[in-house]
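So that the names make sense, note that chain A is the first sequence line, chain B the second, and so on, each numbered from 1.
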Number of protein chains: 2
Amino acid sequence: MEKTTLQVTGMSCNHCVAAVEGSVGKLNGVHSVEVILNNGTVLVDYDPSSVSINTIKEEIEDQGYDVVSSNS
Amino acid sequence: MEKTTLQVTGMSCNHCVAAVEGSVGKLNGVHSVEVILNNGTVLVDYDPSSVSINTIKEEIEDQGYDVVSSNS
């Protein structure tokens with residue numbers, strides 16, 4: 001498992017939290033995902049042999065948000 | 001039918017629009033509901049003999065938003 005912290009803009013409410021956590025959490029290889037709404041952070045614990053960080057970023061962007069940076 | 005304009009705070013994104021339009025729109029006696037996100041306005045066309053303005057307000061508040069004023 002690997003942990004990454006993504007900075008994401010556009011998440012504004014608990015519906016957004018549910019959209020991101022729900023969609024990223026369904027990806028194969030993602031063990032856990034947590035959104036911290038007040039600072040726009042998404043914490044992801046994932047298996048890099050099963051899912052790429054780019055796939056995770058694309059999933060978030062497909063929900064309508066912008067990934068502005070990551071530590072991976 | 002009667003039209004009312006409610007001012008609602010806390011709606012921040014299209015998920016919020018869908019939550020309010022979906023829940024209010026399902027009330028018996030509500031003919032149409034439209035959320036204008038950028039100014040926090042909810043326009044409701046309803047039959048006051050079937051549904052009260054208070055029921056409409058409560059439905060919006062049950063979704064987690066505050067109705068701060070109405071013209072009814």
Side-chain angles (χ1 to χ4, degrees), chain A residues 1-47 50-72, chain B residues 1-47 50-72:
Chain A
M1 286 293 168
E2 193 163 314
K3 291 178 192 293
T4 188
T5 301
L6 306 169
Q7 287 305 123
V8 176
T9 60
M11 301 184 299
S12 59
C13 71
N14 287 331
H15 298 116
C16 300
V17 172
V20 170
E21 289 184 347
S23 62
V24 174
K26 280 182 189 136
L27 292 173
N28 277 332
V30 171
H31 177 66
S32 71
V33 52
E34 182 183 1
V35 173
I36 302 168
L37 187 57
N38 64 2
N39 63 4
T41 298
V42 180
L43 307 171
V44 187
D45 193 4
Y46 68 105
D47 178 356
S50 297
V51 64
S52 71
I53 187 67
N54 278 341
T55 297
I56 294 169
K57 290 179 181 177
E58 283 166 10
E59 187 64 40
I60 294 171
E61 300 203 328
D62 284 349
Q63 298 297 318
Y65 308 106
D66 289 325
V67 179
V68 292
S69 70
S70 73
N71 65 357
S72 303
Chain B
M1 286 293 171
E2 193 163 312
K3 291 178 192 294
T4 188
T5 302
L6 305 170
Q7 287 306 123
V8 177
T9 59
M11 301 184 300
S12 59
C13 71
N14 286 332
H15 297 117
C16 299
V17 172
V20 171
E21 289 184 346
S23 61
V24 174
K26 280 182 190 136
L27 293 173
N28 277 333
V30 170
H31 178 66
S32 70
V33 50
E34 182 184 1
V35 173
I36 302 167
L37 187 58
N38 64 2
N39 63 4
T41 298
V42 181
L43 307 170
V44 186
D45 193 2
Y46 68 106
D47 178 357
S50 297
V51 63
S52 71
I53 187 67
N54 278 340
T55 297
I56 293 169
K57 289 178 182 177
E58 283 166 10
E59 187 64 40
I60 294 171
E61 300 204 328
D62 283 350
Q63 297 298 316
Y65 308 107
D66 289 324
V67 179
V68 293
S69 69
S70 72
N71 65 357
S72 302

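- Below 4.5 Å, heavy atoms of chain A meet heavy atoms from B:His15, B:Cys16, B:Ala19, all part of residues 15-35 of chain B.
- Distance check, rounded to the nearest 0.5 Å: NZ of A:Lys57 to CG of A:Asp66 gives 12.5 Å.
- Residues passing the side chain to side chain contact (heavy atoms under 4.5 Å, CB included) test with B:Asn39, sequence neighbours excluded: B:Ile36, B:Thr41.
- Applying the side chain to side chain contact (heavy atoms under 4.5 Å, CB included) test to A:Ser69 and every residue at least two apart in sequence or in another chain returns A:Gln7.
- Side-chain contact between B:Leu6 and B:Ile53 is present, with at least one heavy-atom pair separated by less than 4.5 Å.
- In terms of heavy atoms, A:Thr4 sits closest to A:Tyr46 at CG2-CE2, 3.7 Å.
- Under the salt bridge (charged side-chain N to carboxylate O under 4.0 Å, His left out) criterion, B:Asp45 pairs with B:Lys3, sequence neighbours left out.
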